[in-house]
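Here's the structure we're looking at; comments come further down.
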Amino acid sequence: MSNAHILRGQVLSFQGSPFATEAPQEAARLSEAVAVQDGKIAAVGSFDDLRQRFPAAALHDHGEKLILAGFVDAHVHYPQTAIIASWGKRLIDWLNSYTFPEEMRFGDRAYADEISARYLDLTAAHGTTTVCSYCTIHPESVDAFFTAAQARGQRVVAGKTCMDRNAPEGLQDTVQSAYDDSAALIARWHGIDRLDYAITPRFSPTSTPEQLEAIGALWAANPSCLMQTHLSEQTDEIAWVKDLFPDARDYLDTYEAFGLLGARGLYGHAIHLEPRERDRLREHGAALVHCPTSNTFIGSGLFDMAGLMAEGQRIGLATDTGGGSSFSMLRTMAAAYEIGQLRGTPLHAAQLLWLATQGSATALRLEDKIGNVAPGMEADLVVLDLASTPAIAQRAARADDIWEAAFATIMMGDDRAVSEVWIGGRQV
């Protein structure tokens, strides 16, 4: 009995980065169908050809719907699921008022299990198939999240948050426990099934220099891991970092000095970067992660997408839930477009869809596995209805091409636009 499936529709693949050409749509290709077998993309091409090659395959005919790689969310905090859309304050106030009290609860494995399942249900409903998540300081929070993802056959990245100062006593670890707990979690989960570990200092204000040094040593000992943290999100945060690290050249230097700058590093937000920071991030091939709904919700600033891309930076896209105000990567793309407009550099629909798939996969160093519809890639797919509501349908009906039609869904779409989701070759 064949386990092959053929999905028929408008299949979107990328041949390169739409930021590398003056006509972004030229980086994309549309095909008629995609064949899925054994959890992988088996073939992409004409429907008739795939029907001949896979005669026993189950057919899923999606008509004019858009089939593309599942969305990849490169910076999230799954423990903040229940506090999303809490009334806005500045970053530090928001952490103290909402985030830290909620994260205290994740030493309870049952609660961590409940929120892990809820979070992965919510994100899958929005077409997100891979996330890179911060957990809490509690190893239980990591075990719960990886266990839930593993049961779903889902590719995720996550790690235990490390912080030994400037947080409630119940949310602090130590230099030693941060190292030991993280090392044990790496041994337990990293590279198992579709799971990868990210070494996770929350940000330099909540780690002593001694802890940052230990985490740098841990990363050096485990170079196949990613390392995720926050960088230059708000101006008052940057001033705080300067007070805490008076000898540092800039915010990035508080990581660089301790071995926490590298090609597998993920730096969330990165809004207010100094020229030296931009140079060093690019030289190392590190990834910056744009979190547009979070940046507007918490009032952080406007990310310089066009300037950073022109420099050759590696950039992903993320919801940053719960600082971000939506679980939807469609809403996140819309916010990225709006921020681009405010900076005078609007993004094309092809660029937005690339950021939410291949761009974020590249940031996570997973571009050879996920983020595109191509033979050999893992079969994580989302099917988008480009006429999911009356308002979107009437606009799509007047569209001159697929990009106009897709743009209406990017700007106005929500989970109703997500017609079908596949994770690891299985329909969710």
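- Between the side chains of H138 and T136, at least one donor-acceptor pair of N or O atoms lies under 3.5 Å.
- Between I84 and S326, the closest heavy-atom pair is CD1-N, 3.8 Å.
- Atom CD1 of I137 sits about 13.0 Å away from atom OG1 of T200, to the nearest 0.5 Å.
- Residue R426 qualifies as open at atom CZ: its count of foreign heavy atoms under 6.0 Å is 12 or below.
- Side-chain contact between F106 and E140 is absent, with no heavy-atom pair separated by less than 4.5 Å.
- Electrostatic pairing of K65 and E420 does not count as a salt bridge here, judged by no charged N lying under 4.0 Å from a carboxylate O.
- Under a 3.5 Å cut-off, the side chain of R264 and the backbone N or O of R365 do not form any donor-acceptor pair.
- Looking at S46 and E32, their side chains never bring a donor and an acceptor atom within 3.5 Å of each other.
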Practice task
List the steps, then state whether side-chain contact (heavy atoms from CB on, under 4.5 Å) holds for T319 with F327.
Solution key: CA-CA 6 Å; T319 62; F327 295 104; 5.8 Å; no
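- In terms of heavy atoms, H126 sits closest to S328 at CD2-CB, 3.4 Å.
- Of the possible polar contacts, one joining the R314 side chain to the G285 backbone as a donor-acceptor pair under 3.5 Å is found.
- Taking the side chain as every heavy atom from C-beta outward, V421 and I423 approach each other to under 4.5 Å.
- Side-chain atoms of L281 and L231, non-hydrogen and from C-beta on, do get closer than 4.5 Å to each other.
- Between E233 and S300 the shortest heavy-atom distance is O-CB, 3.2 Å.
- A salt bridge does not link R331 to D415: none of the charged side-chain nitrogens sits closer than 4.0 Å to a carboxylate oxygen.
- Each of T129, V428, T128, N372 was compared with D380 under the side-chain contact (heavy atoms from CB on, under 4.5 Å) criterion, and only T129 meets it.
- Remark: side-chain polar atoms of T206 are not paired, donor with acceptor, to backbone N or O of R202 under 3.5 angstrom.
- Considering CD1 of I199 and NE2 of H190, their distance stands at 8.5 Å, rounded to 0.5 Å.
- Inter-residue side-chain proximity for F19 and L355 is flagged as met; some heavy-atom pair is nearer than 4.5 Å.
- Between the CG atom of L347 and the CE atom of M309 there is a distance of 8.5 Å, given to the nearest 0.5 Å.
- Heavy-atom minimum distance, M377 versus I370: CE-O, 3.3 Å.
- Residue pairs that meet the side chain to side chain donor-acceptor pair (under 3.5 Å) test with at least one member in residues 251-260, sequence neighbours left out, are S204-T254, T229-Y255, E237-Y251, R249-D253, E256-R276, E256-R280.
- The shortest non-hydrogen separation linking F100 to L171 is O-CD1, 3.3 Å.
- We find that D385 and R416 are not joined by a salt bridge, their nearest charged nitrogen and carboxylate oxygen being 4.0 Å or further apart.
- By the 4.5 Å heavy-atom criterion applied to side chains, D38 and N3 are counted as neighbours.
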Problem - Trace of the side-chain contact (heavy atoms from CB on, under 4.5 Å) decision for M305 with R343 - result: CA-CA 9 Å; M305 178 68 74; R343 293 196 67 105; over 6 Å; no
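- Inter-residue side-chain proximity for D73 and L317 is flagged as unmet; no heavy-atom pair is nearer than 4.5 Å.
- Between H60 and W422, a ring centre-to-centre spacing shorter than 6.0 Å is recorded.
- Residues W189 and Y197 keep their aromatic ring centres 6.0 Å or farther apart.
- Looking only at distances, no side-chain donor or acceptor of H230 sits under 3.5 Å from a matching main-chain atom of Y267.
- Proximity of L30 to V11: side-chain heavy atoms (C-beta onward) are nowhere separated by under 4.5 Å.
- If you take OG on S232 and CG on L252, they are separated by 8.0 Å, rounding to the nearest 0.5 Å.
- One distance of note links CG of L50 with CG of L7; it measures 10.5 Å at 0.5 Å rounding.
- The main-chain N or O of A112 is never found under 3.5 Å from a side-chain atom of S141 such that the two would form a donor-acceptor pair.
- Considering all non-hydrogen atoms of both residues, S294 and H269 come closest at OG-CE1, 3.7 Å.
- Taking the side chain as every heavy atom from C-beta outward, L266 and L288 never approach each other to under 4.5 Å.
- Comment: E404 does not engage R398 in a salt bridge, judged by the lack of any side-chain N to carboxylate O separation of less than 4.0 angstrom.
- A distance-only check finds no donor-acceptor pair linking the side chain of W354 to the backbone of F14 [under 3.5 Å].
- In this structure, the side chain of Q394 engages the main chain of A391 through a donor-acceptor pair within 3.5 Å.
- Distance alone, capped at 3.5 Å, places no donor-acceptor pair between the D193 side chain and the Q150 backbone.
- For the residue pair D173 / Q211, a side-chain donor-acceptor distance below 3.5 Å is found, with atom types taken as modelled.
- Between Y134 and Y78, the ring center distance fails the sub-6.0 Å criterion.
- The salt bridge (Lys or Arg N to Asp or Glu O under 4.0 Å) test with E378 singles out one residue from R155, K369, K40, and that residue is R155.
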Problem - Worked verdict on D61 versus F47 for side-chain contact (heavy atoms from CB on, under 4.5 Å) - result: CA-CA 10 Å; D61 193 337; F47 174 70; over 6 Å; no
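- Salt-bridge formation is not detected for the pair R118/D113: no Lys NZ or Arg NE/NH1/NH2 atom is positioned less than 4.0 Å from an Asp or Glu carboxylate oxygen.
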Exercise for the section: Would you check, one step at a time, whether the test side-chain hydrogen bond (donor to acceptor under 3.5 Å, both in side chains) holds for Y337 with Q341? Expected result: CA-CA 6 Å; Y337 171 81; Q341 282 284 45; 2.8 Å; yes
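- A donor-acceptor pair is defined here as one N or O able to donate and one able to accept, closer than 3.5 Å; no such pair exists between the side chain of D49 and the backbone of G45.
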Practice task
Kindly determine whether H5 and Q37 satisfy side-chain contact (heavy atoms from CB on, under 4.5 Å), including the steps that lead there.
Solution key: CA-CA 7 Å; H5 300 265; Q37 190 169 32; over 6 Å; no
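- Here H62 contributes atom NE2 and I67 contributes atom CD1; the two are 5.0 Å apart, rounded to the nearest 0.5 Å.
- Under 4.0 Å is where a charged nitrogen must lie from a carboxylate oxygen, and between R109 and E114 no such pair does.
- Ionic pairing of D304 and R278 is present here: one or more N-O contacts between side-chain nitrogen and carboxylate oxygen are shorter than 4.0 angstrom.
- The closest side-chain donor-acceptor pair between S133 and H77, if any, does not fall under 3.5 angstrom.
- T296 contributes a side-chain N or O that, together with a main-chain N or O of P292, makes up a donor-acceptor pair within less than 3.5 Å.
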